[in-house]
Structure formats: structure tokens, C-alpha cells
Amino acid sequence: DELAGTGGEQMNCLLCNAPIKWRPPVKDILSFKRLVPPQLCGTCSQRFTAREAGRGCPYCQRPGFTTTCPECEQWQVRAGFILTVRACFGYNEAMKEFMHAYKFVGDYRLRQAFSAPLTKLVQEQGAQLVVPLPLHQKTQLLRGFNQVEGLLECPFERLLVTKDQEKQEPQSAKTREQRLQTPQPFDLTDRKRVRGKTVVLVDDVFTTGRTMYHAAQLMRAAGCKTICGVTLAN
């Protein structure tokens with residue numbers, strides 16, 4: 001009734017602060033679905049490129065491929081398996097700017113911009129366990145939050161922790177070759193919890209895939225039934 005009387009809900013874009021006038025579709029109101037108002041204005045939304053199901057490499061969704069891309073073929077050789085990873089968006093300049101503001105500037109409210117589509121994609125995998133990738137303890141203490149956990153609006157389990165070692169240079173500061181040479185940074189806290197379960201790993205950005213494959217290798221060694229990955233961008 002309130003929405004009908006005012007002509008919609010007035011909000012501001014999280015990125016540019018432009019006003020957003022929103023009225024939920026009548027069919028959504030009548031279906032008693034959870035109503036999710038937009039967090040970005042039309043102009044800002046258009047700057048992000050959504051990844052489409054069935055497009056690109058069948059494993060990692062890299063655009064420009066109709067069969068397995070060379071990167072995934074290399075992972076078959078390097079790891080002995082290929083991990084299927086789904087992403088919400090491409091990692092373009094707009095996403096790079098968003099990640100900088102969210103992760104490195106530490107604007108925690110920005111998690112609301114993409115929490116709904118990421119959570120939806122995670123839930124669509126139908127996994128029994130949702131496991132976000134962890135931060136190094138010193139990084140989390142400095143930043144104040146785990147950016148992956150901040151994006152999730154569904155139950156998850158902290159089954160991975162970083163090894164107790166000196167904080168290394170962040171992945172974002174490394175070259176591609178340096179990332180690929182990164183030693184295993186994680187430990188699994190409960191192998192029994194993973195055994196026989198379907199698992200979805202969640203990260204913010206998928207670039208070389210090294211971090212996601214490190215986590216997947218631990219899960220596979222612990223006897224998970226199936227495993228896949230979901231990221232906000234790749």
C-alpha cells in the first residue's frame with residue numbers, strides 16, 4: 001500500500017548517488033517473493049558486463065571460446081582436473097574500480113551492490129556446503145572484513161583458513177607467473193565435514209585460478225563428492 005501511494009520507493013545509487021525510483025513488478029508482489037530493490041542506477045549498471053550461462057569456455061566462462069579454453073586445458077595438466085567456475089560479471093574497468101573501492105578503500109556498504117546476484121548464483125549450484133575463500137589473518141584485521149563473506153546473503157561455513165605464515169604480497173600485486181607459483185596458502189579445518197558432500201567455493205575475482213584451485217585440491221583430497229566455484233567476476 002505504501003508503494004502504491006507514493007509511486008515507488010526512493011533510493012540512491014551506491015556508486016554515484018543518483019536517485020533511483022523503484023516500484024516492484026506486480027507479479028513479484030503477488031508471488032510473495034523477496035523483493036530486492038536495485039542498488040545501482042541504470043547508468044552505473046550498464047557499465048558492468050554480465051556473464052551469460054552457456055557462453056564462453058564451458059568451464060570458466062572466459063569469452064571468445066566455444067570449447068575448453070587454453071587456461072583450463074593447462075589446469076587439467078597442472079592439477080589433474082578442471083574446476084567449473086561460474087561468474088556473475090566480467091572483470092572490466094568498472095568492476096576493477098568497484099573492487100578497489102570495496103576491498104582496498106574498505107567501503108563495506110558497497111557489498112549491497114552485488115550481494116543479490118552473487119548469492120543467487122551460489123544457491124543455483126545446489127551445493128550442500130558453501131565455503132568462502134578466507135583472507136590472511138593480518139589482511140582481515142587491517143581491512144576489518146572478508147569481502148567474499150560480505151557479499152554472501154546465504155549460510156556459509158568457514159572451513160578454510162590461511163596457514164600461519166608471514167603475510168605475503170597480495171595476489172593483486174603479483175604478476176601472472178608469480179600467482180601461478182604461489183604455494184598452498186590454505187588449511188582445511190574439518191575434513192570429515194567435507195567428505196561425501198557437494199561443495200561450492202566462493203571468491204570475489206577469478207583471474208589465473210590459482211587460489212580457487214588450491215582450495216579445490218584440499219576439498220578433493222578430503223573426499224568431497226563434487227566441487228565447483230562461483231565468483232563475482234572473471
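Count residues from 1 along the sequence.
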query: Atom OG1 in T231, atom CG in D203: separation rounded to 0.5 Å?
result: 7.0 Å
query: Say you draw a straight line from CG of L121 to CZ of F89; how long is it, rounded to the nearest 0.5 Å?
result: 10.0 Å
field: Sub-4.5 Å side-chain heavy-atom contact between L14 and R109
entry: yes
- line: dist L135:CG -> T162:OG1 (nearest 0.5 Å) comes out at 8.0 Å
field: Exercise: identify the closest heavy-atom pair between A79 and Q217
entry: CB-NE2, 3.7 Å
query: Would you find a donor on one side and an acceptor on the other, under 3.5 Å apart, between the side chain of R62 and the backbone of E71?
result: no
field: Under 3.5 Å donor-acceptor, N146 side chain and Q140 backbone
entry: no
- prompt: Does the Q125 side chain pair with the main chain of C228, one donor and one acceptor, at a distance under 3.5 Å?
  reply: no
message: Tell me if the centroids of the rings in F81 and Y213 come within less than 6.0 Å of each other.
response: yes
Student check: side-chain heavy atoms of L152 and P132 closer than 4.5 Å: yes
- request: Test F98 against K103 for side chain to side chain contact (heavy atoms under 4.5 Å, CB included), laying out the working first.
  value: CA-CA 8 Å; F98 169 82; K103 290 170 61 171; over 6 Å; no
message: Among N234, V205, L232, D204, exactly one meets side chain to side chain contact (heavy atoms under 4.5 Å, CB included) together with Y91. Which residue is that?
response: V205
message: Nearest 0.5 angstrom please: E153 CD to L118 CG, how far?
response: 9.0 Å
statement: Closest non-hydrogen atoms of T84 and P58, given as atom of the first, atom of the second and distance, are CG2-O, 4.4 Å
Closest non-hydrogen atom pair, A87 against A233: CB-C, 4.1 Å
- prompt: Hey, what do you get for CD (E149) to CZ (F156), rounding to the nearest 0.5 Å?
  reply: 4.0 Å
message: Any non-hydrogen side-chain atom of V85 less than 4.5 Å from a side-chain atom of Q61?
response: no
- prompt: Is the shortest distance from a Lys or Arg side-chain nitrogen in R86 or E124 to a carboxylate oxygen in the other one below 4.0 Å?
  reply: no
query: Out of curiosity, Q39 CD to N12 CG, how far, rounded to the nearest 0.5 Å?
result: 11.0 Å
message: Check this for me: F206, atom CZ, are more than 12 non-hydrogen atoms of other residues, nucleotides or ligands nearer than 6.0 Å?
response: yes
task: Taking all non-hydrogen atoms of both residues into account, name the closest pair between C44 and C16 and its distance.
output: SG-SG, 3.7 Å
message: Taking K192's backbone N and O only, do any of them form a donor-acceptor pair with R195's side chain (distance below 3.5 Å, no angle check)?
response: no
field: Audit row: E73, T68, side chain to side chain donor-acceptor pair (under 3.5 Å) steps and yes/no
entry: CA-CA 7 Å; E73 288 178 347; T68 309; 5.4 Å; no
message: Which residue in the set L201, L218, T198, V200 passes side chain to side chain contact (heavy atoms under 4.5 Å, CB included) when paired with I227?
response: L201
message: Given 3.5 Å as the limit, does a donor-acceptor pair link the side chain of Q184 with the main chain of H214, or not?
response: yes
query: Are F186 and W75 joined in one hydrophobic group, where the rule is that I, L, V, M, F, W and Y side chains link up if heavy atoms are under 4.5 Å apart?
result: yes
